[in-house]
Amino acid sequence: MDVADLPGVPDWLPDHLRDDGIEQLYPPQAEAVESGVTEGQNIVAAIPTASGKTLVAELAMLSAVARGGKALYIVPLRALASEKQAEFEQFEQYGHSVGVSTGNYESDGGWLGDKDIVVATSEKVDSLVRNDAPWLEDLTCVVSDEVHLVDDGQRGPTLEVTLAKLRRLNPDLQTVALSATIGNAGELAGWLDAELVDSDWRPIELQKGVHYGQALHLEDGSQHRLAVQNSEKPTAAIVRDTLQDDHDEDGEVTEEGGSTLVFVNSRRNAEAAAGRLASTVRPHLSADEKAQLEGIAAEIRDVSDTETSDDLADAVKDGAAFHHAGLARGHRELVEQAFQDRLVKVVCATPTLAAGVNTLAARRRAGLAPLRRVGGRDGPLSVLEVHQMMGRAGRPGLDPYGEAVLVASSHDELDELFERYVWADPEPVRSKLAAEPALRTHILATVSSGFARSRKGLLEFLEQTLYASQTDESGRLERVVDDVLTYLERNGFLEVEAGELDATSLGHTVSRLYLDPMSAAEIVDGLEYWARHAGEPDGSDEPDTPEDATADGAFSTASELAEEREESGDIDPDDISALGLYHLVSRTPDMYQLYLRSGDREEYEMALYEREDELLGPTPSEFEDERFEDWLSALKTARLLEDWASEVDEETITERYGVGPGDIRGKVETAQWLLGAAESLAGEVDSDAARAISEARIRVEHGVREELVDLAGVRGVGRKRARRLFEAGIGDRAELRDAAKPVVLAALRGRRKTAENVLENAGHRDPSMEGVEPDPDVEVSEASPRDSEEDEDSDVGEDQSSLGDF
DNA sequence: TGGATCTTTTTCTAGACAGCATGTC
DNA sequence: CTAGAAAAAGATCCA
């Protein structure tokens with residue numbers, strides 16, 4: 001189909017597409033147009049990666065906007081949100097505005113309500129629905145990217161429920177769902193009342209195959225010799241062979257060989273494989289490439305001073321790299337860029353993350369080493385997942401073809417892999433909504449935001465989900481719903497009366513905070529426990545069951561109890577420890593806990609007995625194995641947060657807890673969010689803990705000790721500057737405002753501009769530094785190499801949370 | 001006795017959404 | 001009721 005023949009699109013679009021070199025639509029795109037994407041028709045497009053899904057979405061959104069509407073594009077990852085925003089901003093020249101909304105970033109300059117196209121994660125959209133964002137009613141088109149993720153047990157239900165809510169809010173909403181090729185695309189289309197475009201057409205050929213012994217067996221039946229030399233692993237042979245394959249798109253011989261993306265099943269394997277493959281790649285590098293790679297390696301070392309960083313830099317200087325969630329964001333960006341620039345020839349990645357990162361496409365080959373998933377709990381990888389990874393091989397317009405290779409270690413496995421993955425069709429996508437944890441949060445939200453006011457209404461709403469359209473076991477959903485309703489009522493989130501449902505004030509708050517009700521219950525329990533036990537002498541016979549402690553049933557809220565104690569003089573609201581709060585949020589289901597390793601158990605049992613009385617809840621009995629174990633790993637997580645909030649440097653933390661720099665960021669970010677929520681909850685249940693929670697949150701946010709909390713709150717002052725000002729004798733914001741300018745200037749190492757800025761933000765009447773000289777008596781710890789590295793660490797941390805999505 | 005090789009036991013394990021209100025050095 | 005691989009520890013063999 002010629003771009004001139006598109007119905008319903010803005011006038012400028014055909015020319016715009018031609019400028020981009022697009023004259024003809026790809027067959028699946030044409031099919032979508034024929035089915036009416038540009039005319040408001042609902043579409044499910046189940047087509048391979050890189051076959052032009054984005055254009056289908058753009059056609060739908062632009063035609064909707066041309067009709068005076070407003071479009072929403074839902075993505076599964078924050079990183080994808082900024083990627084899409086950048087893509088859609090090309091339309092701003094035609095007067096169409098684009099906005100983004102994710103948890104840590106919201107586009108500036110005006111309301112999202114003013115934007116024609118909004119990009120957001122599914123959770124953010126859910127949250128916007130819960131908080132009644134007014135512009136949602138103006139939507140005329142919603143695009144859901146990677147909609148096959150409704151199959152995901154963790155996050156799928158959110159997408160499913162959110163789509164159902166959006167469609168209910170606006171019955172005329174055009175729904176466009178983009179999916180990988182799956183087994184039951186028709187079923188999805190049925191659920192969404194959509195036309196189906198189901199195709200496995202690709203712009204470039206993808207050959208799948210299995211390597212075994214000395215040969216590569218392709219799905220077309222051909223075999224190629226691919227020799228494994230002496231003691232090397234098959235992956236090394238594949239990578240070497242790809243490097244030597246130097247034909248470009250038109251079959252011409254070029255200087256460059258192909259690059260390979262290797263999927264492995266654990267971080268450690270990714271790092272080990274990258275280390276091994278570095279020696280395979282090195283001999284193929286030109287002098288110029290080596291020089292450039294040295295530069296990138298240096299940048300990697302600059303990102304963070306950790307072992308992970310060193311290992312990565314060592315591999316990168318030889319043209320290999322690893323990629324997983326333990327990396328700092330700066331690491332990931334450098335690796336992705338260098339791979340795209342074809343300087344890095346091999347990336348060894350863990351599966352999930354890499355599958356979502358579009359910049360990680362291999363020129364030529366994607367290889368999968370051991371196909372088993374980490375920790376057998378979730379069974380083997382699905383065909384869908386494997387095909388998604390295979391789809392990363394070969395970049396359209398750059399490569400003549402792509403090749404995806406599985407590695408077999410026996411002849412039997414060779415056959416098995418062909419059967420199981422190469423020739424197999426992807427399995428159908430199944431809704432995971434009926435699981436209790438998912439319903440817990442979504443039922444509360446559905447009632448709280450008024451989508452359902454009775455048990456009957458709730459069930460009616462749930463009828464509109466994919467789950468209902470897939471199940472024929474009618475009783476199951478109803479049973480789980482009743483269980484969940486009982487749970488929500490018992491914990492004070494909902495009131496149920498004669499089938500009528502109403503959220504309590506607490507319930508509304510929890511829904512709006514986007515907390516799992518179970519997390520909220522844990523936090524409320526913890527705060528109440530503290531109110532009861534604060535001020536008690538240590539080591540007293542701690543009651544193991546809350547019932548024992550509630551003999552004082554006359555108090556209905558934590559604060560009444562606290563007040564009572566305060567009056568009797570044996571409570572200090574400040575005696576709630578930061579560690580206790582970190583432990584409290586670390587044990588909620590919203591926080592991923594650190595893994596307890598063999599030696600850890602003993603270590604954290606010791607720590608537990610030392611600091612037990614700081615924790616906000618009774619220690620479970622050691623005989624309750626699982627609960628006790630959870631308690632200990634929450635303590636490990638809490639200690640990590642405490643270290644971070646005590647200005648311990650990154651290198652020490654990564655070593656002490658066996659994590660990567662990216663994991664520290666992740667934990668800190670989650671803790672920040674949960675502590676913020678806990679603060680609101682404390683207000684809701686009248687607890688006196690709010691002040692202490694706020695302080696613990698700020699400490700973790702800035703990574704500073706207690707005495708710097710006030711200073712670090714001044715705009716322009718972070719971990720490092722706060723410490724320097726403090727050492728110069730400036731203790732808080734007020735002292736900063738009244739401080740002698742030479743002292744401030746000296747503490748900030750003579751940076752006038754910075755000092756003026758800081759003073760202004762602190763509220764100084766006259767921040768000008770003109771004519772001021774640094775006070776020579778102020779001792780400033782000068783940047784020894786060691787110090788500056790620590791600077792770097794904390795800076796990177798801040799970077800990730802604020803500018804991260806760029 | 002040393003060390004090479006084989007066998008058994010133990011250890012370890014992917015990912016990243018969300019509130020609120022704005023900015024590190 | 002988890003599975004599976006790698007690392008560590010132990011066992012065996014032979015010069």
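Heavy-atom basis, side chains included; hydrogens, waters and symmetry copies ignored. The chains referred to below are lettered A, B, ... by the order of the sequence lines, with proteins before strands, and numbering in each begins at 1.
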Separation between the P atoms of dC12(B) and dC1(C), rounded to whole Å:
24 Å
Which whole number of Å gives the distance between the P atom of dA14(B) and that of dA5(C)?
15 Å
Any side-chain N or O of [X] below 4.0 angstrom from OP1/OP2 of [N]?
{"X": "Thr350(A)", "N": "dG15(B)", "answer": "yes"}
{"X": "Ser598(A)", "N": "dT10(B)", "answer": "no"}
{"X": "Ser266(A)", "N": "dA5(C)", "answer": "no"}
{"X": "Arg268(A)", "N": "dT11(B)", "answer": "no"}
{"X": "Lys124(A)", "N": "dG19(B)", "answer": "yes"}
{"X": "Arg719(A)", "N": "dT24(B)", "answer": "no"}
{"X": "Arg267(A)", "N": "dG15(B)", "answer": "yes"}
{"X": "Ser680(A)", "N": "dC20(B)", "answer": "no"}

5'-most by nearest nucleotide on DNA chain B - Leu596(A) or Glu123(A)
Leu596(A)
5′-ward residue of the pair Asp663(A)/Arg721(A) relative to DNA chain B:
Asp663(A)
With a 3.5 Å distance limit and no angle check, can you tell me whether His702(A) reaches the backbone of Val704(A) through a side-chain donor-acceptor pair?
no
Find out whether the Lys NZ or Arg CZ of Arg130(A) is both under 6.0 angstrom from the six-membered ring centre of Tyr514(A) and within 45° of the ring's axis.
yes
Pair assignment for DNA chain B - dot-bracket with | for other-strand partners, Watson-Crick or G-U under 3.5 Å:
|||||||||||||............
Would you classify [X] as touching base, sugar-phosphate or nothing, given that sugar-phosphate means primed atoms plus P, OP1 and OP2, and contacts are heavy atoms under 4.0 Å?
{"X": "Thr670(A)", "value": "base"}
{"X": "Arg512(A)", "value": "sugar-phosphate"}
{"X": "Gly676(A)", "value": "base"}

With the criterion set at under 5.5 Å between ring centres and under 30 degrees between planes, would dA18(B) be stacked on Trp673(A)?
yes
Among [options], the one nearest [X] by side-chain distance:
{"X": "Gln672(A)", "options": "dG19(B), dA18(B), dC17(B)", "answer": "dG19(B)"}
{"X": "Asn131(A)", "options": "dC20(B), dC17(B), dT24(B)", "answer": "dC20(B)"}
{"X": "Asn269(A)", "options": "dG19(B), dC17(B), dA6(C)", "answer": "dA6(C)"}

Considering non-hydrogen atoms only, spot the tightest contact between Tyr604(A) and Leu632(A) and give its length.
O-CD2, 3.5 Å
Sorted by chain and number, sequence neighbours left out, side-chain contact (heavy atoms from CB on, under 4.5 Å) with Glu603(A) holds for Asp600(A)
Does the pair Thr441(A) and Asp516(A) meet the rule for a side-chain hydrogen bond (donor to acceptor under 3.5 Å, both in side chains), with working shown?
CA-CA 5 Å; Thr441(A) 181; Asp516(A) 182 333; 5.8 Å; no
With sequence neighbours excluded, what pairs up with Arg733(A) under the side chain to side chain donor-acceptor pair (under 3.5 Å) test?
none
